[in-house]
Amino acid sequence: LSLRTCYPAEQGMPNDIVQRARRFLLNRLNPDSTEDGSLIAGVLCGYTTELNRGSIREDFAACGLSHLIAVSGSHLAIVACLVQNVLWRCGLDSRKSRVLMLGACCLYTLFTGAAPSAIRTNVSMGSGRRSHALSSLSLTLIVMLVIWPNLVFDLGFQLSALSVASILIFGRYVSYALHVLRLPSFIAEGMGITLTAQIATLPLTTLVFNQISLLAPVANVIIAPLISLLLVLGVVTATVLWIPGVSAFMALLLHLCSRVILFFVSALAAVPFASLYVSPLPYAWLVPLTCAVLLYWLWPRPSGRIVLVLFSLVVAFVG
């Protein structure tokens, strides 16, 4: 890992200890030297400047994988799981470990630039567990909008709220519908979550990016576990930077994992018709909204024939 380049904190970020630690880690990653380094900096630190300049961003967008780079609730869930496991192994009780885990998640949120999706997850975790996840999400969004009203215009906040809400309402239903087609459980779960979020956010993404990824469900099943592994390796590497031999070995594993991800993403993006460029239609948001209301109202029992017919209609409509 190189020490050649210094990266100043982004505008508007306080020059505090957390941001100095962020700059120090970016110095070690040196994301402008290699593509795998820029991917590590994006996933681990939320530093996407170099990713936006190269072809990596286009490949991830073509495969419907851009959300995996952006720091979100899934990143915080992995960090929280790591911290909590370490604290439990140290013998701390559940109450103390939860407080320290929340503190670590807050620090990581500041470390990665305080993205709205990450703040949403922190507020939700800090409010305690509730039996009804949709109520917890609604309360979290209300609190955030009361404190920061301008978030209603933030694209990341809009996409995060839409995707999470749709997954909570329809995620299990779509996963079960795919399971009816005799898909393995882990594939049905991954594709169901991706399809649900993709369809729910389709009006926004087509309006902003003019692009639909047809390969997103399959690509997410393949790449999402690798991104999680990259984040875990990155967090472990960041904690052992002061140990010369160990840090060099972990850095090697980190860059190797990043190169494997870039290879698969590039190969998936090269598949014909991996994504389509579309022109957004006026009031196109009424179509998925109407479908969502009808599905929630009728809630039909999925069958293999119905799922295949609906899938064929979607493919024909997109094509």
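All of these numbers come straight from a predicted model, not from anything done at the bench. Hydrogens, waters and symmetry mates are skipped; everything else that's a heavy atom, side chains included, is used.
Between the SG atom in C90 and the CG atom in L100 there is a gap of 10.0 Å [rounded to 0.5 Å]. Taking CG of L183 as the start and OG of S175 as the end, the distance is 10.5 Å to the nearest 0.5 Å. Here CZ of R259 is found 15.0 Å from OG of S266. Values are rounded to the nearest 0.5 Å.
Clustering ILVMFWY residues whenever any of their side-chain heavy atoms sit less than 4.5 angstrom apart, transitively, puts L195 in a cluster other than the one holding I193. At a threshold of 4.5 Å between side-chain heavy atoms, the hydrophobic network of Ile, Leu, Val, Met, Phe, Trp and Tyr places M144 and V146 in two separate groups. If you chain together hydrophobic residues whose side chains sit under 4.5 Å apart, L44 and I69 fall into the same group. Under the 4.5 Å side-chain heavy-atom criterion for Ile, Leu, Val, Met, Phe, Trp and Tyr, L252 and L226 are members of distinct hydrophobic clusters. Both I223 and L253 are members of a single hydrophobic cluster when ILVMFWY side chains are connected at heavy-atom separations under 4.5 Å.
H179 and A188 make their closest contact through N-CB, 4.0 Å (heavy atoms, listed as atom of the first residue, atom of the second, distance). The shortest non-hydrogen separation linking A62 to S213 is O-OG, 2.8 Å. L214 and F273 get closest at one heavy-atom pair: CD1-O, 3.6 Å. What you find for V152 and L145 is that their closest heavy atoms are N-CD2, 3.8 Å. Shown here for A216 and T194, the closest heavy-atom pair between the two residues is O-CG2, 3.8 Å.
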Just do the side chain to side chain contact (heavy atoms under 4.5 Å, CB included) check on I40 and T237 with the steps written out, would you? CA-CA 11 Å; I40 297 169; T237 302; over 6 Å; no

Should V240 and M250 be marked as a side chain to side chain contact (heavy atoms under 4.5 Å, CB included) after you check the CA-CA gap, both sets of side-chain angles, and the distance that decides it? CA-CA 8 Å; V240 297; M250 291 303 302; 4.1 Å; yes

Working for side chain to side chain contact (heavy atoms under 4.5 Å, CB included), residues L268 and D59: CA-CA 8 Å; L268 290 170; D59 289 344; over 6 Å; no

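Using a 4.5 Å heavy-atom cutoff, the side chains of I212 and Y277 are not in contact. With contacts defined as side-chain heavy-atom distances shorter than 4.5 Å, the pair Q198/P217 qualifies. Using a 4.5 Å cut-off on side-chain heavy atoms (C-beta onward), F60 and I261 make contact. Two residues are said to be in side-chain contact when any heavy atoms from C-beta on lie closer than 4.5 Å; E189 and Y176 fail this criterion. Proximity of M191 to V221: side-chain heavy atoms (C-beta onward) are separated by under 4.5 Å at one or more points. Under the 4.5 Å side-chain criterion, counting only non-hydrogen atoms from C-beta, L39 is in contact with L230. Proximity of D154 to N150: side-chain heavy atoms (C-beta onward) are nowhere separated by under 4.5 Å. At least one side-chain heavy atom of L204 sits less than 4.5 Å from a side-chain heavy atom of Q158.
A side chain to side chain contact (heavy atoms under 4.5 Å, CB included) with L68 is found for exactly one of V265, I227, L231, namely I227.
Considering only residues two or more places apart in sequence or on other chains, T201 meets the side-chain hydrogen bond (donor to acceptor under 3.5 Å, both in side chains) condition with none of them.
S38 places a side-chain N or O within 3.5 Å of a backbone atom of E35 that can act as its donor or acceptor partner. Judged by distance alone, the side chain of T196 and the main-chain N or O of G192 form a donor-acceptor pair under 3.5 Å.
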Sequence neighbours left out, cut at 3.5 Å: what donor-acceptor pairs do the side chains of residues 161-173 make with other protein atoms?
| from | atom 1 | to | atom 2 | distance (Å) |
| --- | --- | --- | --- | --- |
| S163 | OG | L159 | O | 2.8 |
| S163 | OG | S160 | O | 3.1 |
| S166 | OG | L162 | O | 3.0 |
| S166 | OG | S163 | O | 2.8 |
| Y173 | OH | P300 | O | 2.5 |

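Few gaps surround CH2 on W299; more than 12 heavy atoms of other groups in view lie less than 6.0 Å from it.
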